[in-house]
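Below is one structure, written out as C-alpha cells; comments come after it.
No experiment lies behind these values; they were computed from the predicted model shown. What you see below is based on every heavy atom in this structure, not just the backbone, and it leaves out hydrogens, waters and symmetry mates.
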Amino acid sequence: MGSASAISLCSHPKILLRPLTNKQRLQSQCQSQGSGSAWLGYRTQGVFLSPILLRRRRCLAVKAASAAEGGSRRPASARRVYRESQSASSLPVAPVKQLASFVVPAASFFAVTFVLWKLVEKILVPKRQRTSSVENKTPAEGMKWSFAAGSNLLTGFGAKIERESKLKLNDFAKELRSFRSVDLSGRNFGDQGLFFLAESLGYNQTAEEVSFAANGITLTGMKAFDGVLQSNIMLKTLNLSGNPIGDEGVKCLCNMLVNNNGIQKLQLNSTDLGDEGAKAIAEMLKNNSSLRALELNNNMIDYSGFTSLAGALVENNTIRNIHLNGNYGGALGANALAKGLEGNKSLRELHLHGNSFGDEGVAALMSGLSLHKGKLTLLDIGNNSFSAKGAFHVGGYVKKTKSLLWLNVYMNDIGDEGAENIADALKQNRTITTIDLGGNNIHAKGVTAIAEALKDNSVITFLELGYNPMGPDGVKALSEVLKFHGNIETLKLGWCQIGAKGAEFIADMLKYNTTIRVLDLRANGLRNEGASCLARSLKVVNEALSSLDLGFNEIRDDGAFAIAQALKANEDVTVTSLNLASNFLTKFGQSALTDARDHVYEMSEKEINIFF
C-alpha cells in the first residue's frame, strides 16, 4: 500500500529510470558542456530529463524502494542512485546565469525600441482619412482653385482668399464712388473683378479718370462695360493699357463707345491690337464726337490699320491727339496717314515714334502736313530710320509751319547734312520752342550750323544734342554763341565726347550766360580736370544755373574737392541739384561735398540736393 501510494504521487505516467552506461554518461556530459546546458546523464526511454525533474523522480523512487523493504538497509544500488542524485543537484548553474544576463537586457532593449518606434510612428505619420465627397468632385462641381498656376488650394484656404479678394474689390468700388481720379492699375483682378467694379461706374457722378491698366483683362472683361459706358457721362479718361484684350476686345469696346458722350481720352497701349482692332476704332471715330485723345502705342498696327485710321481722320473733327508710337506703319502707312491729314482740321499732336517710315515715308508725311489745315503743335518722328534726305523734307515743313511748338527727330541718322537743313529752317521758324536732335550722328560741322541758327533765334528754350559725337570743336562753337545769344534754358549734351577740353569752353560760357538753368554733361570723360574747370565757373555769380548733371564722367575725389570749394565760396550759388552718380568718388570726396552742402544751408538756408 505504501509503495503504491508513493509512486502515484510522483506522476501518473510511469517513467522508468535506468542508469546510463559509462559511455552514454560521458556523451551526455560532453553534450551539456558544449551546449552550455546542464542536462543529467539519465534517460527515460531515450528522452533526456532536466535536473530538477530527475531529482524529484529519484527522491520518489528512493522513498518507494525504502517503503518496499520496510525500512531495511538500503541496497547498494539505492545508495548509488542517491549519491548520483546529490551530485546532480550540486551541478553548477553558471551557464544559466550567463544566458539570463544576456537575454534579459536584449529583451528589454527590443521592447523599449518597439514602444518608441510605435510612439514616433503615431506622432509623425498622419492617419489616413476617409476620402471626402469634395475630393471626388470635379472642378466644375465646386472645387476651389488657387490663383497661382498649377496649384490647387484647400477648400478652407480658398474660401479665405475669396473673402479677402471680395473685401479688396469692395474697397476699390468705394474709391470709384469717392474720388475724382482713381488708379487701379496692376491689381490683377481680371475679368471677374472688372465685372464687379463696372457696376460702380454705372451712373457714377464722381470718378472722371480711371485706370484699369495691367489687370489681366481680356475680351470677356470688355463685356462688363456693356450698359455702363453708355449711361456714364462723368468719366473722361479710361486707361486699359497693358491688358491682352486683342482685336475682338477692342471691337466690343468700340461698339459701346459709339454712343458715349463722356470719355475724352482712351488709352489702349500694349493691348495686342492689330489691323482689325484699328479698323473698329476708325469706325467708332467716324461717329464719336467726344473723344479728344487716343493712345495706341506699342501695338501691331500695320499699313492696313494706318489706312483705316487715316480715313477716320477725314471725317472726325474732334480728335486732337493721336499716339501711334511703336507700331509697324512703314512707308506705306505714312503715305496713307498723310492723305488723312490733308483733310483733317482738328489734330494738334501727332506721335509717330518708331514706325520705320524711312526717307520715303517721312517725305510723304511732311507733304501731307504741309497741306494740313489744322494747327499741329507737336510732331514726334523720332527713331524712324530716315537720313539727310528725310531731314530735307522735315526742314521744308519747319519753314512753312506757323503752329509747331515741339519737334522730335531723335535717334535717326540725319548727320551733318541733315542738321544743316534743319538749322537753316530754324533761322526762319519763330514758333518751335523745343527741339530734340539727339542721336543723329551729328559732328562739329552740324553743331556749328545749329549754333549759327541760334544767333537769330530767341524762341528755342530746350535743345537736346546728346549722343552726337561733336567733340570739343562742336561744343566750342556752341559755347561761343551761347555766351551772349539765344534763349536756351535746358541744354543736354550727354555722351558727346567733349572731354576736359570741352569742359573748359562750357565753363567759360557759364560765366556770361544768363539763361541756362539745366545743363546735362553726362558721360563726356570730364575727369578731375573738367570738373575743376566747371568748379571755377561756379565760383562766379550765376543767377540762372540750378541743375548740373555730371554723372558717368570718371570724376575722382580731387574733382569733388574742387566743386565743394566752389560751392562754399559762392554765397549766392543758385544750384539746387548736383548729380555726381556713377563716378569714382570715395568717402572722402563724398564727405567734402556733404560738408559744402551743409555750409551753404547754414549760410544762406538754400538746400542743394547732391546725388552720389
Side-chain angles (χ1 to χ4, degrees), residues 146-149 161-229 232-254 256-257 260 262-274 277-278 280-281 284 290-301 321-327 349 351 353-354:
S146 71
F147 296 110
I161 293 295
E162 186 175 354
R163 287 194 301 270
E164 293 178 355
S165 299
K166 288 182 178 179
L167 290 175
K168 289 182 179 180
L169 289 175
N170 283 325
D171 292 339
F172 298 159
K174 291 179 182 178
E175 291 185 32
L176 290 173
R177 293 190 294 266
S178 305
F179 301 102
R180 188 188 67 84
S181 179
V182 181
D183 184 3
L184 297 178
S185 60
R187 307 303 176 91
N188 295 318
F189 47 70
D191 295 330
Q192 293 183 356
L194 185 60
F195 270 97
F196 182 86
L197 296 174
E199 298 178 1
S200 300
L201 287 177
Y203 301 101
N204 187 300
Q205 300 296 317
T206 305
E208 295 183 7
E209 299 178 5
V210 177
S211 175
F212 291 135
N215 275 295
I217 301 170
T218 64
L219 164 63
T220 304
M222 290 296 98
K223 299 176 182 179
F225 290 121
D226 191 14
V228 175
L229 296 181
N232 188 305
I233 60 175
M234 290 298 297
L235 188 62
K236 299 295 187 292
T237 300
L238 178 61
N239 186 358
L240 293 170
S241 300
N243 290 298
I245 61 180
D247 288 338
E248 296 300 321
V250 171
K251 290 179 182 179
C252 181
L253 179 65
C254 289
M256 306 171 199
L257 292 177
N260 179 275
I263 295 180
Q264 298 179 2
K265 183 177 182 179
L266 178 63
Q267 296 170 283
L268 295 174
N269 306 312
S270 303
T271 54
D272 296 338
L273 170 63
I281 292 174
M284 181 266 295
S290 63
L291 199 61
R292 298 291 185 270
L294 177 63
E295 295 186 11
L296 304 174
N297 299 323
N298 303 318
N299 282 296
M300 299 176 288
I301 305 174
N321 306 334
I322 290 185
H323 296 250
L324 290 168
N325 297 329
N327 283 284
E349 295 184 9
H351 300 261
H353 189 100

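Closest non-hydrogen pair, D272 versus P244, comes out as OD2-CB, 3.5 Å. The two residues G242 and T271 have their closest heavy-atom pair at N-CG2, 4.0 Å. A pairwise comparison of heavy atoms in S200 and R177 identifies OG-NH1, 3.2 Å as the closest pair. For I245 against M222, the heavy-atom pair with the smallest separation is CG2-CE, 3.9 Å. Residues L291 and M284 share a closest heavy-atom pair of CD2-CE, 4.0 Å. The two residues M300 and N327 make their nearest non-hydrogen contact at N-OD1, 3.5 Å.
For the pair L219/C252, a side-chain contact is recorded, criterion being any heavy-atom separation below 4.5 Å from C-beta on. Side-chain contact between F212 and N239 is absent, with no heavy atoms from C-beta onward closer than 4.5 Å. Looking only at side-chain heavy atoms (C-beta outward), L257 and L253 come within less than 4.5 Å of each other. In this structure, L240 and F225 have side chains that are in contact, with non-hydrogen atoms separated by less than 4.5 Å. Inter-residue side-chain proximity for T237 and V210 is flagged as unmet; no heavy-atom pair is nearer than 4.5 Å. Considering only heavy atoms from C-beta on, I322 stays 4.5 Å or farther from H351 through its side chain. Taking 4.5 Å as the limit, some side-chain heavy atom of L296 sits within range of a side-chain heavy atom of I281. At a threshold of 4.5 Å between non-hydrogen side-chain atoms, the residues L194 and F189 count as touching.
Between the side chain of N215 and the backbone N or O of N188 there is at least one donor-acceptor pair closer than 3.5 Å. With hydrogens and angles ignored, the 3.5 Å screen pairs no side-chain donor or acceptor of N232 with any backbone N or O of G202. Checking side-chain atoms of N325 against main-chain N and O of N297 turns up no donor-acceptor pair under 3.5 Å. In terms of modelled atom types and a separation under 3.5 Å, the side chain of D191 and the main chain of I217 share no donor-acceptor contact. In this structure, the side chain of N204 engages the main chain of L176 through a donor-acceptor pair within 3.5 Å. A donor-acceptor distance shorter than 3.5 angstrom exists from the side chain of S290 to the backbone of I263, with no hydrogens or angles considered. Judged by distance alone, the side chain of N299 and the main-chain N or O of I301 form no donor-acceptor pair under 3.5 Å. Within the 3.5 Å criterion, the main-chain N or O of L273 finds no donor-acceptor partner in the side chain of D247.
By the 4.0 Å N-to-carboxylate-O rule, E208 lies close enough to R180 to be salt-bridged with it.
Atoms NZ and CZ, from K223 and F195 in turn, are 7.5 Å apart once rounded to the nearest 0.5 Å. For the atom pair CD of Q264 and CD of E209, the computed distance is 10.0 Å after rounding to the nearest 0.5 Å. In this structure, the separation between CE on M234 and OG1 on T206 is 7.0 Å, given to the nearest 0.5 Å. Taken from CZ in R187 to OG in S185, the straight-line distance is 6.5 Å, to the nearest 0.5 Å.
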R292/N321 under side chain to side chain contact (heavy atoms under 4.5 Å, CB included): CA gap, chis, key distance, verdict = CA-CA 6 Å; R292 298 291 185 270; N321 306 334; over 6 Å; no
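Among residues two or more places apart in sequence or in another chain, the side-chain hydrogen bond (donor to acceptor under 3.5 Å, both in side chains) test is passed with E295 by Q267, N269.
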